[in-house]
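To start, the structure under review is shown below, and the notes come after it.
Just so you know, these numbers use all the heavy atoms, side chains as well, and skip hydrogens, waters and symmetry mates. Bear in mind that the values here come from a model prediction, so they are computed numbers and not experimental data.
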Amino acid sequence: MSDTTKVWGRGLILKAPPTHYSILFITVEGILLSLTKYFVSGIYLTLGLTPILILNPIVAKLLIQDRNFTLKRAFYIYMYLNTPLTLILIADFIQPVKAISGIIFLAAITVISYFLLLVFIAALKVDIFKGALITAIFVATYGYFTIEKISPLTIILGYMLTILAALVIRGRISSIRLGSVNGLELINSFAMSWMDRSSYAFDDLCKKIGQPSELNVSIHEFKGDKDKISTIIVPYIHPGPAKSIGSGELPSLIYEILSEHRPLVLHGVSDHSLNIASRQDTRDLVRLIEQTITTSTTPFTKLDNVGYTESHEGKIKLSMYEFSGNKLGFISKEDSTEDLPTQITHMVNDSLDLIDRHNTLCDQTSAQYTADQVRILTQMIDKAISKPLTNFSIKSVGYANRRLDALDIAPGGISALVLNGDRKIAFISIDANNLSCGLNKKIEKAVKNMGYEFCEVTTTDNHWNSGITRKEPGYYTGGSLSANELLESVIKCVKQAEETMSPALYRKIAVVFKASVFGTKLEEMYSALSIGRKFIFIGLLFCLAASLILGLI
């Protein structure tokens with residue numbers, strides 16, 4: 001995942017809690033604020049205001065007659081913006097700070113009401129009158145608590161300017177176009193899907209802007225006389241752009257839904273143009289894979305030998321394996337490696353699978369493949385498939401999977417498929433988005449020290465944690481938080497796989513799936529979101545400047 005695919009704002013707002021939690025939190029805040037002011041200043045009217053504070057979410061619920069996802073966001077955004085000002089006011093009541101002047105409180109109320117109103121009328125598409133009325137309750141409530149510092153007329157004028165700014169910005173966002181979709185639809189559906197994983201609003205929008213495509217998945221099955229040993233699954237679909245959008249969790253879904261088939265997921269060569277636009281389509285694809293594995297009549301053949309060759313050109317390494325006439329080529333660059341372009345994807349055919357190891361990230365810039373590197377890699381692949389491979393016997397095959405509870409490793413954990421014969425081979429797949437710099441070599445060295453001549457260390461490129469950190473590259477690479485634990489778990493996983501070894505039968509089958517992909521529209525979508533962000537920031541600066549001027553008058 002390159003840094004151009006990070007989604008703005010994802011590290012700032014957490015998932016929305018259930019609606020009743022937000023209502024309870026807001027109510028407790030209101031009671032606490034009222035009691036603090038009462039005990040400090042002895043103003044009896046404050047206790048009479050508490051029911052109004054408690055009624056805020058109830059009023060909101062009456063005004064917004066929509067599905068639960070809108071209510072959830074309304075209460076959550078209110079809580080999110082309400083809390084900082086509540087804490088500042090409580091602190092000021094207990095021990096007034098001269099530096100916290102009326103101007104600062106006015107600016108805080110104005111900016112928060114601007115964001116609150118904009119969320120209602122832009123992100124949640126609430127009726128303007130209803131959104132303004134709900135926001136007015138917030139302004140009136142906090143205007144009362146700061147009445148000793150700010151005059152009511154100043155607060156009213158500030159709120160009028162807030163409404164004006166929010167309406168102008170809403171209009172500007174509406175003018176943004178992405179095909180048949182406008183900016184309001186884009187921001188609204190994005191907010192719904194980000195804050196509530198049960199919402200498919202963004203999926204519906206992405207289908208509108210997506211490009212129909214025929215997608216392929218290769219499946220390599222290994223089984224013993226009775227039981228399944230393992231299933232290598234190679235989707236030529238990019239697992240992105242992010243966790244709750246499109247195919248961002250495809251590898252995790254495969255591990256979850258196809259667990260009884262003992263999957264080992266490999267990252268088939270693909271880039272962000274091959275992100276599935278819809279989460280529902282992604283789930284349908286996984287179900288189709290399961291159905292195909294279960295119902296396929298393709299016969300198994302005895303696996304008694306494996307072909308192998310490898311080549312190096314500059315920083316590029318290609319390793320080619322062959323099972324019963326079916327080749328698997330593993331591709332990477334030594335120092336940093338990122339998504340392979342679609343020119344390489346087009347080289348895949350019925351008897352050739354190409355795997356992006358996606359297994360080290362030292363430098364984001366050098367990780368991208370240049371045009372010359374793509375040309376060299378194309379020549380390397382052509383040479384590898386045209387010459388005979390070195391064959392050696394295989395006597396038994398084993399598989400194991402271990403889960404790792406870490407922010408840098410996705411739910412699929414670590415999978416190991418090991419082959420024992422004249423030479424020993426280990427295929428390691430880590431459910432993560434790349435690996436921290438140099439960790440792949442440490443893992444490879446550790447596995448080879450266990451007697452394996454060949455070791456393929458790969459990741460699934462799972463985008464499950466994209467956007468959870470604001471540091472580059474916007475996600476935690478595998479091992480960046482748990483390097484030692486990950487290395488130990490890989491060794492244990494290989495040992496567990498060795499305990500399950502048995503002679504194997506093998507077959508390859510394929511899945512073809514039609515779905516909408518983002519294609520070239522993904523960058524356009526990010527650009528539209530970026531423009532919308534700029535408009536929102538301009539409105540923020542206007543409200544801030546207006547509140548400061550009013551406070552000084």
Side-chain angles (χ1 to χ4, degrees), residues 220-233 251-252 254-256 258-267 303-306 308 319 321 323 328 330 355 357-360 392-406 408-432 435-436 438-460 462 477-506:
H220 300 259
E221 285 188 86
F222 301 82
K223 78 166 192 173
D225 292 335
K226 296 180 180 180
D227 299 324
K228 176 72 65 72
I229 296 176
S230 180
T231 306
I232 294 179
I233 299 177
S252 294
I254 292 174
Y255 280 112
E256 174 191 337
L258 304 182
S259 59
E260 67 179 46
H261 296 283
R262 302 166 66 80
L264 183 140
V265 181
L266 298 175
H267 180 28
L303 181 66
D304 51 16
N305 68 80
V306 172
Y308 178 79
S319 301
Y321 299 84
F323 300 99
L328 282 82
F330 290 79
I355 314 302
R357 289 190 181 96
H358 216 80
N359 64 359
T360 187
F392 46 89
S393 68
I394 291 295
K395 297 178 181 178
S396 57
V397 179
Y399 168 87
N401 175 268
R402 287 180 65 89
R403 303 300 166 94
L404 202 60
D405 186 14
D408 54 344
I409 305 298
I414 303 158
S415 298
L417 179 68
V418 297
L419 294 81
N420 189 19
D422 292 342
R423 300 178 182 180
K424 295 174 71 175
I425 308 170
F427 296 104
I428 311 294
S429 177
I430 300 165
D431 196 14
L435 292 177
S436 58
L439 183 57
N440 62 318
K441 293 180 180 178
K442 293 180 181 179
I443 293 173
E444 184 177 340
K445 181 180 179 181
V447 174
K448 285 187 175 181
N449 286 339
M450 298 172 67
Y452 289 85
E453 185 171 347
F454 306 108
C455 176
E456 297 298 340
V457 180
T458 72
T459 71
T460 62
N462 195 328
T477 55
S480 58
L481 301 176
S482 61
N484 292 333
E485 187 180 0
L486 177 58
L487 182 57
E488 291 174 4
S489 293
V490 169
I491 294 171
K492 290 178 181 177
C493 192
V494 172
K495 289 179 178 179
Q496 287 178 342
E498 290 174 339
E499 295 172 0
T500 68
M501 302 283 276
S502 67
L505 300 173
Y506 165 85

(request) Walk me through it: do Arg403 and Tyr255 pass the test side-chain contact (heavy atoms from CB on, under 4.5 Å)? (result) CA-CA 11 Å; Arg403 303 300 166 94; Tyr255 280 112; 4.3 Å; yes

Residues at least two apart in sequence or cross-chain that pass side-chain hydrogen bond (donor to acceptor under 3.5 Å, both in side chains) with Lys445, listed by chain then number, are none

query: For Gly479, does its backbone N or O pair with a side-chain atom of Asp408 as donor and acceptor, under 3.5 Å?
result: yes

d(Leu264 CG, Thr231 OG1) to nearest 0.5 Å is 9.5 Å

Rounding to 0.5 Å, atoms NE2 (His220) and CD1 (Ile233) come to a distance of 10.5 Å

### Query
Would you call the rings of Phe222 and Phe323 parallel, tilted or perpendicular, where under 30° means parallel and over 60° means perpendicular?
perpendicular

Heavy-atom nearest pair, Asn440 first then Val457, reads O-CG2, 4.0 Å

In terms of heavy-atom contacts, Ala504 and Val397 come closest through CB-CG2, 3.6 Å

Smallest heavy-atom separation, Val265 atom then Ser429 atom, equals O-OG, 2.5 Å

dist Lys448:NZ -> Ile443:CD1 (nearest 0.5 Å) comes out at 13.0 Å

**Request:** Quick one: do Ile409 and Ser482 satisfy side-chain contact (heavy atoms from CB on, under 4.5 Å)? Show the steps, please.
**Result:** CA-CA 8 Å; Ile409 305 298; Ser482 61; 4.1 Å; yes

- prompt: Leu417 versus Ile232: any side-chain heavy-atom pair under 4.5 Å?
  reply: yes

Taken to the nearest 0.5 Å, the spacing of Leu419 CG from Tyr321 OH works out to 9.5 Å

Decide yes or no for Ile414 and Leu486: does some side-chain heavy atom of the first lie under 4.5 Å from some side-chain heavy atom of the second?
yes

request  = Tell me, yes or no, whether the heavy-atom count around Asp225 atom CG, taken from other residues, nucleotides or ligands under 6.0 Å, exceeds 12.
outcome  = no

Less than 3.5 Å apart, any donor N or O on the side chain of Asn359 or Thr458 sitting next to an acceptor on the other? no

Distance col, row Leu303:CG vs Lys395:NZ, nearest 0.5 angstrom, shows 13.5 Å

Check: Leu266 versus Thr460: any side-chain heavy-atom pair under 4.5 Å?
Finding: no

Check whether any side-chain heavy atom of Ile394 sits under 4.5 Å from a side-chain heavy atom of Asp304, and report yes or no.
no

*asked:* Quick one, Val418 and Met501 - any side-chain contact, counting heavy atoms below 4.5 Å?
replied: yes

Q) Any side-chain heavy-atom pair from Phe427 and Leu328 closer than 4.5 angstrom? A) no

Tightest non-hydrogen contact, residues Leu439 and Gly478, listed as CD2-O, 3.7 Å

Rounding to 0.5 Å, atoms CG (Asn401) and OG (Ser415) come to a distance of 4.0 Å

Are the side chains of Tyr399 and Cys493 in contact, using a 4.5 Å heavy-atom criterion?
no

Here the pair of heavy atoms bringing Ile491 nearest to Ala446 is CD1-CB, 4.0 Å

Item to complete: Before accepting this row, confirm whether a basic side-chain N of the pair Lys424/Glu453 lies closer than 4.0 Å to the acidic partner's carboxylate O.
Response: no

Can you confirm whether Ser252 sits close enough to Pro411 that some side-chain heavy atom of one is under 4.5 Å from a side-chain heavy atom of the other? yes

ask   = Does the distance from a Lys or Arg side-chain N to an Asp or Glu carboxylate O, for Arg357 and Glu456, drop under 4.0 Å?
value = yes

Across all chains, not counting sequence neighbours, the side-chain hydrogen bond (donor to acceptor under 3.5 Å, both in side chains) partners of Glu221 are Lys228, Arg507

task = Start with the C-alpha gap between Leu435 and Ile430, add the side-chain angles, then the distance that decides, and say whether side-chain contact (heavy atoms from CB on, under 4.5 Å) holds.
result = CA-CA 9 Å; Leu435 292 177; Ile430 300 165; 4.1 Å; yes

Taking every heavy atom of Ser502 against every heavy atom of Ile229, the minimum-distance pair comes out as OG-CD1, 3.5 Å

Query raised in the report: Any side-chain donor paired with an acceptor under 3.5 Å for Thr459 and Asp431?
Result: no

Look at the aromatic rings of Phe454 and Tyr308 and report parallel, tilted or perpendicular, splitting at 30° and 60°. tilted

Glu499 bridged to Lys495 by N-O distance under 4.0 Å: no

